[in-house]
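Model, not experiment: these values are computed from the prediction.
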Amino acid sequence: MLKVRYWTWRRAMNTRLHHNYAMNRIRKAGLGWRSTGNCVDKHRPTCTSLHTVRLGTLLKTIELKRMSGCRLIVTGGTETGHAVGTYSHGNGWKIDLAPSRCLDRYITRKLEPSGKRGDGSQLYVSPEQDLFARESDHWDILFR
């Protein structure tokens with residue numbers, strides 16, 4: 001599904017970005033951004049920050065937009081308030097996207113259902129083993 005070249009992803013997975021650089025990349029790619037607190041502070045859970053997001057996560061998000069043809073809106077990044085762990089938001093591996101009819105249809109039709117997460121969220125997995133969890137108000141996506 002997501003066509004980011006393997007070698008590009010492997011190199012990009014260890015590259016961390018500053019918020020302003022990441023925002024510039026998503027704007028140029030035509031992605032939207034929303035913060036409930038209208039802020040970007042990584043240390044405030046009501047903000048939406050992309051500070052220290054991995055370049056690979058950003059590249060795959062942009063590729064998801066291209067492949068799906070959907071308008072994507074980033075609603076969660078590396079800000080505090082998410083679950084911790086190796087493959088977490090805070091470590092730059094995950095991103096949250098606003099649900100939409102287009103994105104919901106793309107994920108549920110193109111990806112394989114993969115059961116439910118501990119919190120009851122329906123899981124979908126891509127051929128590259130990226131994990132998409134449909135939470136109540138957003139898609140929680142782990143690009144690995």
Side-chain angles (χ1 to χ4, degrees), residues 1-37 40 42-43 45-144:
M1 179 197 83
L2 300 179
K3 302 295 183 194
V4 174
R5 290 189 182 123
Y6 180 79
W7 63 268
T8 302
W9 166 242
R10 282 290 157 221
R11 248 190 281 157
M13 68 185 273
N14 291 320
T15 303
R16 302 293 195 100
L17 305 177
H18 186 275
H19 177 83
N20 292 338
Y21 180 81
M23 287 296 292
N24 188 42
R25 294 284 303 249
I26 69 168
R27 278 191 205 106
K28 283 183 178 178
L31 279 78
W33 172 88
R34 183 171 52 222
S35 167
T36 57
V40 299
K42 180 179 174 78
H43 303 289
T46 58
C47 296
T48 299
S49 176
L50 295 175
H51 187 65
T52 69
V53 70
R54 292 173 187 273
L55 176 58
T57 299
L58 200 60
L59 291 174
K60 281 198 170 186
T61 303
I62 292 167
E63 183 67 8
L64 175 61
K65 178 195 180 296
R66 190 185 73 71
M67 295 291 293
S68 68
C70 300
R71 171 154 164 70
L72 301 184
I73 301 172
V74 175
T75 61
T78 59
E79 67 279 351
T80 191
H82 297 283
V84 297
T86 302
Y87 296 104
S88 65
H89 281 274
N91 283 331
W93 291 95
K94 295 177 89 177
I95 201 154
D96 291 342
L97 298 176
S100 69
R101 175 179 257 157
C102 181
L103 183 59
D104 294 352
R105 184 172 39 246
Y106 182 80
I107 291 171
T108 59
R109 290 184 180 173
K110 297 289 185 181
L111 304 182
E112 288 294 320
S114 184
K116 293 197 181 224
R117 202 165 61 179
D119 64 1
S121 298
Q122 179 64 51
L123 294 171
Y124 297 87
V125 65
S126 73
E128 298 80 19
Q129 301 305 302
D130 299 324
L131 203 55
F132 295 68
R134 182 57 167 93
E135 294 189 15
S136 62
D137 61 349
H138 66 274
W139 283 98
D140 179 66
I141 304 171
L142 167 60
F143 291 117
R144 40 184 171 168

How many angstroms lie between atom [atom1] of [X] and atom [atom2] of [Y], to the nearest 0.5 angstrom?
X      : Y      : atom1 : atom2 : result
Leu97  : Ile107 : CG    : CD1   : 7.5 Å
Leu131 : Ile141 : CG    : CD1   : 10.0 Å
Arg105 : Cys70  : CZ    : SG    : 7.5 Å
Arg71  : Lys65  : CZ    : NZ    : 8.5 Å
Arg54  : Thr15  : CZ    : OG1   : 9.0 Å
Asp140 : His138 : CG    : NE2   : 5.0 Å

Less than 4.5 Å apart, any side-chain heavy atom of [X] and any of [Y]?
X      : Y      : answer
Pro45  : Thr80  : yes
His82  : Asp96  : yes
Phe143 : Glu128 : no

Worked verdict on Ile62 versus Lys28 for side chain to side chain contact (heavy atoms under 4.5 Å, CB included): CA-CA 10 Å; Ile62 292 167; Lys28 283 183 178 178; over 6 Å; no

Which heavy atom in [X] sits nearest to a heavy atom in [Y], and how many Å separate them?
X      : Y     : value
Ser35  : Cys47 : OG-CA, 3.4 Å
Ala83  : Ser88 : O-CB, 3.5 Å
Ile26  : Gly32 : CD1-O, 4.2 Å
Leu103 : Ala98 : CD2-O, 3.7 Å
Leu59  : Ala12 : CD1-CB, 3.9 Å
Arg134 : Pro99 : NH2-CB, 3.2 Å

Whether the side chain of [X] engages the backbone of [Y] through a donor-acceptor N/O pair (distance < 3.5 Å, no angle test) should be reported.
X      : Y      : answer
Asp119 : Ser121 : yes
Thr57  : Gly92  : yes
Ser49  : Val40  : yes

Verdict with supporting geometry, Ser126 and Leu111, side chain to side chain contact (heavy atoms under 4.5 Å, CB included): CA-CA 5 Å; Ser126 73; Leu111 304 182; 3.8 Å; yes

Qualifying residue for side-chain contact (heavy atoms from CB on, under 4.5 Å) with His51, from His19, Arg16, Glu79: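 With His51 as partner, His19, Arg16, Glu79 yield a single side-chain contact (heavy atoms from CB on, under 4.5 Å), made by His19.
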
Qualifying residue, where the test is side-chain contact (heavy atoms from CB on, under 4.5 Å) with Leu31 and the options are Ile73, Val74, Leu58, Leu64: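 Exactly one pass, corresponding to Val74.
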
Stepwise side chain to side chain contact (heavy atoms under 4.5 Å, CB included) test for Tyr124 and Glu112: CA-CA 5 Å; Tyr124 297 87; Glu112 288 294 320; over 6 Å; no

Neighbour count above 12 (heavy atom, 6.0 Å) for Arg34 CZ: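 Incorrect, the count does not exceed 12.
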
Stepwise side chain to side chain contact (heavy atoms under 4.5 Å, CB included) test for Thr75 and Trp139: CA-CA 9 Å; Thr75 61; Trp139 283 98; over 6 Å; no

Salt bridge present between Lys60 and Glu63 (N-O < 4.0 angstrom):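 Glu63 and Lys60: not salt-bridged.
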
